[in-house]
2 protein chains.
Amino acid sequence: MDDQAIGPRKDRAAVKADEVKVDLIAFVVAVNDSEPCVLTIGQADTLPSGPFALEHRSLQSGLRGWVEQQTGHPLGYIEQLYTFADRDRIGAERQQRVISISYLALTRKEQAAGSPKCGWQSWYEYFPWEDHRSGTPPVVLDVLRPRLIEWADGVSDAAARRERWQRATIAFGFDDRLWNEELTLQRYELVYEAGLVQEAGSGRDATLPPLVPSKSMVADHRRIVATGIARLRSKIKYRPVVFELMPPVFTLLQLQRTVEALAGRLIHKPNFRRLIEQQELVEETGEATTETGGRPAKLYRFRHAALDERVIAGTKLPLARG
Amino acid sequence: MDDQAIGPRKDRAAVKADEVKVDLIAFVVAVNDSEPCVLTIGQADTLPSGPFALEHRSLQSGLRGWVEQQTGHPLGYIEQLYTFADRDRIGAERQQRVISISYLALTRKEQAAGSPKCGWQSWYEYFPWEDHRSGTPPVVLDVLRPRLIEWADGVSDAAARRERWQRATIAFGFDDRLWNEELTLQRYELVYEAGLVQEAGSGRDATLPPLVPSKSMVADHRRIVATGIARLRSKIKYRPVVFELMPPVFTLLQLQRTVEALAGRLIHKPNFRRLIEQQELVEETGEATTETGGRPAKLYRFRHAALDERVIAGTKLPLARG
DNA sequence: CCAGCATATACTTGCTGTGAGTATAAGGGA
DNA sequence: TCCCTTATACTCACAGCAAGTATATGCTGG
């Protein structure tokens, strides 16, 4: 909008152009030893964040600054997640809105020592129902399913009851539906609405069921993490972003384990190798490692040229069915 | 962030928590007579927009308000596109940042008469190279290709030259690569960087090539439209959002023409019908229309139940190869 | 009334992607 | 030396889908 935009400008004069505070929030991901981790500060319940200020050249550089300052970690790949205006966060003294812009960032744990105030947590501590690498975790069928049935039955309207249960069925793959790992956000919204996580607390009373065991986070940070996991799980299937999480040199099995950690489910090894190779995403270094035990594994590195080429075709990942 | 977030709060005190103005910008889409349209105000060069204000309950409701006020059109489906902080838009008098949150919205033209200040423009007026429904448009090979070659050759570094040309090749499908309709944003960025659109104007001088014939827009609005087109073209393939653009009752061919309008390419009719039917996205009304000429076409309506079901599987659309 | 046209609707074919299983190679340790 | 583990290679089978072809049905113009 510049001076040409006369039309809307006049309309706007009718409304006070309110000022707003803008917060930048980062969901920073790394994978170590087949465990997907989120970078936290505080009591392992807070994402790095800070206000967007005049000295920041751009939104992204502001985010990088806050994360480095609070955790000592430099960020590699950054992607915007979502912008939201918190209804509940209107400043007490002045009437003022706060807007949060959340980001997904990928890095590697070893990148830096890290300040003492920060730490890496397996993201499955916050979402124990999301890790299906060893089959469906017990909490899904033993805890979530009965509580969600209770929750669905908790409304009088029959149609609403059916709709609630259908949502749960789809999201969690009940009744022999298959598990869809990308529905992380829908699942979190369900357990939140059902009052099964601490964050849903304000409305809690004695009639609500006990919480599902899981780590909670401050404000809506856990929701941001759920959004980020969903985005990442979707993205690894069509863009070669996994390599942002890998060391410069790696074996194909390490690569596979990393993808499995993110997706929360296992991958058929021969198919995974075929796909990676036929897409020419990696190239051999010529070296091999015996650290893995068994036959020495060839070492590979990412072909950065693939970044440009793969814009089109996309990276596909074969996820096992059952 | 609430009072629990003590860690970051202290750090923040070091920086003045600057205030920011927030703008909401809408890319509103409708399809009429097989022509995909964007809602504009001003000289058909401005998207509806307005500041986020205290009286708005949420970002989305603020956006709805501005669009209705400026154009008289109510919005249906709304989806956030991207949030950016304009470097070039720091207030002259006071040091102040402006942040823009852009949205994609779907509606139908007939929905309202519309105020006189607004109008619908075919989006291919702004992106003539994007419509491949009658084959590759002449502008691609006759104008864009030679100018992009010039642009690529315009750098001395051989590697940079190769990289520029590779980007162009991938984005526009030169050299027998196939056209990928989802790369709308990459293509716009290329023609912008190459100085072929008016918006790239500030740095223009006599040495730059003449513009590619196309309508321009105010500020970065055309870039927002490109982002929205890309998002929409991608989304129609896995979510049944097309129906937001359809009248309550329609024929399968009308549905196909709408998708073709958005995608900018033709669809194999038998395959399209099979896909729509097997996914049970629509149901027959029992009526038929003879207005299409030829054998009367059955009328269908969208099965809203599919909205819930299709969260999983996604909607697939068969786009023709060549 | 009939020919021709335009649209709708149905069926068939062949390729490709990919899920899944099996077999072989190579090194280390008991 | 045997066995274990991991890496690497090959094969099969099914599903999805692009693409082509054929038939049905109603309108229109000569």
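Proteins come first, then strands; the chains are lettered A, B, ... in the order of their sequence lines, and each starts at number 1.
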Donor-acceptor pair between Y188(A) and Q186(A) side chains, under 3.5 angstrom: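 Distance-only check fails for Y188(A) and Q186(A).
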Qualifying residues under ring pair (Phe, Tyr, Trp, His ring centres under 6.0 Å), relative to Y124(A), sequence neighbours excluded: none
Tell me: [atom1] of [X] to [atom2] of [N], nearest whole Å?
X	N	atom1	atom2	value
Q278(A)	dT8(D)	CD	P	17 Å
L275(B)	dT9(C)	CG	P	16 Å
L255(A)	dT6(D)	CG	P	17 Å
I276(A)	dA7(D)	CD1	P	14 Å
N271(A)	dA15(D)	CG	C1'	15 Å
K269(B)	dA18(D)	NZ	P	17 Å
L266(B)	dG20(D)	CG	C1'	16 Å
F272(B)	dG16(D)	CZ	C1'	17 Å

K298(A) side-chain N/O to dA7(D) phosphate OP1/OP2 under 4.0 Å: no
Nearest-nucleotide 5' precedence on DNA chain C, L252(B) against R274(B): L252(B)
All side chain to side chain contact (heavy atoms under 4.5 Å, CB included) counterparts of D175(B), not counting sequence neighbours: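 For D175(B) the side chain to side chain contact (heavy atoms under 4.5 Å, CB included) partners, ignoring immediate neighbours, are R145(B), W165(B), T169(B).
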For D33(A), all residues meeting side chain to side chain contact (heavy atoms under 4.5 Å, CB included), sequence neighbours excluded: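 By the side chain to side chain contact (heavy atoms under 4.5 Å, CB included) rule, D33(A) matches no residue at all.
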Pairs meeting criterion salt bridge (Lys or Arg N to Asp or Glu O under 4.0 Å) with involvement of residues 126-141 of chain A, two or more places apart: E35(A)-R133(A), E130(A)-R187(A), E130(A)-R233(A), D131(A)-R133(A)
Side chain H268(A) and base dA20(C) donor-acceptor under 3.5 Å: yes
Base versus backbone protein contacts along nucleotides 25-30 of chain C [heavy-atom cut-off under 4.0 Å; B, S, -]: BBS---
First of R273(A) and P270(B) reached from the 5' end of DNA chain D, by closest nucleotide: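 So the residue in question is R273(A).
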Contact list for residues 245-257 of chain A, test side chain to side chain donor-acceptor pair (under 3.5 Å), sequence neighbours left out: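 The answer is Q256(A)-E260(A), R257(A)-E260(A).
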Close side-chain approach of R301(A) to E284(A), heavy-atom, < 4.5 Å: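 No - every pair of side-chain heavy atoms lies 4.5 Å or more apart.
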Sugar-phosphate, base or nothing in reach of L253(A), heavy atoms under 4.0 Å: sugar-phosphate
